[in-house]
Amino acid sequence: MLAVGHPQRTMTTNFLEQLPEHIREIAKQVNVVTPEEILTTPRVQFLDTRSKSLHSLVRICTPDDVRVLKDAAAKWLAETPMSADSLFKPLANVRWSRITFGCPSLDRCTGGGVVTRGITEICGASGVGKTQLLLQLAVCVQLPLHLGGLAKGVAFICTEDAFPSRRMLEISKVFEARYPKENLNFLANVFVEQQFEVKPLLECVSNRLPQLMQQHAIGLIIIDSVAAIFRLFTDYDERTRDMRRLANDLLTYADKYNCAVICINQMTSSSASRDDKPMQDIPCLGLQWAHLGRTRLIVSKVPKQHRLGDQLITVRKLEIMYSPETPNNVAEFLVTSEGVVDIPLPPLEPTHAHKKQRLQF
């Protein structure tokens, strides 16, 4: 009689074998070895060493290691044929898909990019670079999975200014040159809508947006911005109802189509405290809107500049205010003609030995 191995055990073994050795040992030490378990286990469990031996391999686990492990699990599940009973189970890899920022420092800060669950809110004052981030994400979502994208398009809804098509063209040209083998027409997969009032916006999101998503593969929905639509309301009960209606529709599409949702919010000055402390900038729309989002990111300018060629460029900062799976973190970046990029590292100064050797010649 032929011995038949357990299919789940075989699949787990094959999955572990294709991982780098140190990544495989991290999974074994935490006793989280199946792709489904890896995707649904919080990052902190891999990084937490309080209950482990001082010499445990888990101690050397880094956030980048966790990202590699989760990305490998998501790719494995996406490429593995499904059994009949798995059709009735929720897909773990769907809950953990992410869209890269196309900027390594921002990806490290956010654990791999913007997650395809819930609403991600990006807040910031005027001119800090929020729209630049959106345009780059609109390009990155079209990249294939192995490059950090979803191989899908983007629905871009503008509520303040006209869509910056010229800047979008510049960034798309940069990414075409960066990934020439992909042969992607980035502009063809960006669907733009402009709505400047609440009722037309809600009508667009409730009726027209689902039609677009049924006809095209949409991996990212952007609203730039929610503050421009809702901040001038005087009837706060009506505003709360409309914000909930908007959020409910967006959350439905995120779950149904495995797409990311990003809403831009503006900043406003808070009232002075009783202790006469200086006024601070806080996101608009108060707790009524804050409770509807899943992740909040704050973008601001840093009081320093970086010289790039013959230009002095202001440094920007992205800060995670709250997120269910990512701890509070900060990353700095630049907005250049090439898009959103890392701050270049300063050149290494020659050591004393190198200086002495150079003098001998």
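Values reported hereafter were calculated over all heavy atoms of this structure, with side chains retained and with hydrogens, waters and symmetry mates removed. None of these values were measured; they are calculated from a predicted model.
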Ignoring hydrogens and angles, tell me if any N or O in the side chain of [X] forms a donor-acceptor pair with the backbone of [Y] under 3.5 Å.
| X | Y | answer |
| --- | --- | --- |
| D107 | T100 | no |
| K130 | A125 | yes |
| Y253 | V261 | no |
| R296 | E121 | no |
| Q136 | V340 | yes |
| R24 | L19 | yes |
| T159 | S225 | yes |
| S105 | A331 | no |
| N329 | I320 | no |

Query raised in the report: Within a reach of under 6.0 Å around CZ of R208, are more than 12 heavy atoms found that belong to other residues, nucleotides or ligands?
Result: no
Query - D235 atom CG: more than 12 heavy-atom contacts under 6.0 Å - result: yes
Name each donor-acceptor pair under 3.5 Å that joins a side chain in residues 308-319 to protein atoms two or more places apart or in another chain, with its distance.
| residue | atom | partner | partner atom | Å |
| --- | --- | --- | --- | --- |
| R316 | NE | T314 | O | 3.4 |
| R316 | NH1 | G127 | O | 3.3 |
| R316 | NH1 | V128 | O | 2.7 |

Query - Pairs flagged by ring-ring contact (aromatic ring centres under 6.0 Å, His included) wherever residues 291-326 is involved - sequence neighbours left out - result: none
Closest approach of [X] and [Y], non-hydrogen atoms and distance?
| X | Y | answer |
| --- | --- | --- |
| L212 | A155 | CD2-CB, 4.0 Å |
| R294 | R117 | CD-O, 3.3 Å |
| Q18 | A72 | NE2-CB, 4.3 Å |
| Q142 | N185 | OE1-O, 3.9 Å |
| C263 | W289 | CB-CZ2, 3.8 Å |
| Q288 | Y236 | NE2-O, 3.9 Å |

Query raised in the report: What distance separates L16 CG from I23 CD1, expressed to the nearest 0.5 Å?
Result: 12.0 Å
Query - Distance, nearest 0.5 Å, that separates CG of D281 from CD of Q266 - result: 11.5 Å
Query raised in the report: Picking from L246, I157, I119, what satisfies side chain to side chain contact (heavy atoms under 4.5 Å, CB included) with V226?
Result: L246
Query raised in the report: Only one of L134, L250, N265 forms a side chain to side chain contact (heavy atoms under 4.5 Å, CB included) with I223, so which one is it?
Result: L250
Query raised in the report: Is the closest side-chain donor-acceptor distance between T62 and D65 under 3.5 Å?
Result: yes
Query - R178 NZ/CZ over F175 ring centroid, <6.0 Å and within 45° of normal - result: yes
Query - Evaluation steps, side chain to side chain contact (heavy atoms under 4.5 Å, CB included), between I218 and L209 - result: CA-CA 10 Å; I218 300 297; L209 184 56; 5.8 Å; no
Query raised in the report: Should K173 and E170 count as an ion pair when the cut-off is N to O under 4.0 Å?
Result: no
